[in-house]
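Only a predicted model underlies this, so the values are computations on that prediction, with no experimental measurement involved.
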Amino acid sequence: MTTTEYGRVDSENNVYVIEPNGERKVGQYPNVSAEEAVAHFVAKYEALVGAVKLLEQRVNKKADADSISKAAAKLTIDLLEANAVGDLQSLRERVLALAPRIQDLLNSKKAVNQEAAAAALAQREAIAAKAEALANGDLSKVIWKDVSAKMTALFEEWQAAQKNGPRVSKADADAIWKRFQTARNKVETAKRAFFAEAGTKAKAAKANKEAIVK
């Protein structure tokens, strides 16, 4: 039997990791020397060390908080019953020590997201207000080509904000969209009525002229 500080190998090449609460079998590596069997599981430990170091570096660099949080959760699970030989408890403690800093990163990201969402809603609010201003103006005295162009531009601005902007509350966005759509429909209804009336007057004028000619 071969024993090291953090592991041992029995006569059948079963490998055990030695931890503060006792030893645990991590696997078997037959047909090799005891040293090679231990080395195989030490290599697995070194891979875990590398993963912990990478996580620490990402936290220090303040990388994406959600990605870091997921990586930390996975590593925590991986370290619980890791089939590796080494100081696993120290790795667990290092990951645990990062928890408050990861939470700070998550909180900061949430605050930034809320700020961006508020700005995005304010932008859509402004678009809706412009549409309402057009709809509530004196539509009997407008140049319809200009009004239509302005409404089309506002609609395109809304689509761009929706496609490229940050995520916002669906309920809040829907409420503003309803205002925009109501104003847009009002303008379209007035436009159709104007051209329908113009068409009726044109027909009447034509009929009157034809009667005069006759």
With a 4.0 Å cut-off, would you call [X] and [Y] a salt bridge?
X      : Y      : answer
Lys70  : Asp66  : no
Lys109 : Asp64  : yes
Glu157 : Arg124 : no
Arg179 : Glu125 : yes

Give me the atom names and distance for the closest heavy-atom approach of [X] to [Y].
X      : Y      : answer
Ala183 : Ala135 : O-CB, 3.5 Å
Ala116 : Pro166 : O-CG, 3.5 Å
Leu139 : Val187 : CD1-CA, 4.5 Å
Ala37  : Val32  : N-CG2, 3.9 Å
Gln123 : Ala161 : OE1-CB, 3.8 Å

- How far apart are the C-alpha atoms of Glu5 and Ile18, what are their side-chain angles, what is the distance that settles it, and do they pass the side chain to side chain contact (heavy atoms under 4.5 Å, CB included) test? CA-CA 7 Å; Glu5 182 180 1; Ile18 300 172; over 6 Å; no
- Query: Do Val17 and Phe41 pass the side chain to side chain contact (heavy atoms under 4.5 Å, CB included) test, and can you show the C-alpha distance, the side-chain angles, and the key distance before you say yes or no?
  - Reply: CA-CA 9 Å; Val17 62; Phe41 289 94; over 6 Å; no
Tell me whether [Y] is reachable from [X] by hopping between hydrophobic residues (I, L, V, M, F, W, Y) whose side-chain heavy atoms are closer than 4.5 Å.
X      : Y      : value
Leu54  : Val59  : no
Leu96  : Ile102 : no
Leu106 : Leu55  : yes
Leu105 : Val112 : no
Tyr29  : Tyr16  : no

Give a yes or no answer on whether the side chain of [X] reaches the backbone of [Y] with a donor-acceptor pair at less than 3.5 Å.
X      : Y      : result
Asn14  : Asp10  : no
Asn13  : Ala34  : no
Ser90  : Asp87  : yes
Thr76  : Ala72  : yes
Arg167 : Ala117 : no

Under a 4.5 Å cut-off applied to non-hydrogen side-chain atoms, are [X] and [Y] in contact?
X      : Y      : result
Leu88  : Arg92  : yes
Glu56  : Lys61  : no
Ser148 : Lys150 : no
Leu48  : Val52  : no
Lys53  : Val49  : yes

Go through the side-chain N and O atoms of [X] and [Y] and say whether any donor and acceptor fall under 3.5 Å apart.
X      : Y      : answer
Ser33  : Glu36  : yes
Asn107 : Gln103 : yes
Asn60  : Arg101 : yes
Asn83  : Lys25  : no

For [X], I'd like to know if atom [atom1] has over 12 heavy atoms of other residues, nucleotides or ligands within 6.0 Å.
X      : atom1 : result
Gln89  : CD    : yes
Ile143 : CD1   : no
Asn31  : CG    : no

- Candidate pair Lys130 and Leu134, rule side chain to side chain contact (heavy atoms under 4.5 Å, CB included), full reasoning: CA-CA 6 Å; Lys130 290 176 183 177; Leu134 285 175; over 6 Å; no
- Is the NZ or CZ atom of Arg184 positioned over Phe155's six-membered ring, under 6.0 angstrom from the centre and within 45° of the axis?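 Flagged: Arg184 positioned over aromatic ring of Phe155.
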- State the CD-CD distance between Gln159 and Gln162, to the nearest 0.5 angstrom. 7.5 Å
- Task: Determine, step by step, whether Leu91 and Glu93 satisfy the side chain to side chain contact (heavy atoms under 4.5 Å, CB included) criterion, reporting the C-alpha distance in whole Å, the side-chain angles of both residues, the deciding distance to 0.1 Å, and the verdict.
- Result: CA-CA 5 Å; Leu91 296 186; Glu93 291 171 359; over 6 Å; no
- Query: Is the ring centre of Phe180 less than 6.0 Å from the ring centre of Trp177?
  - Reply: yes
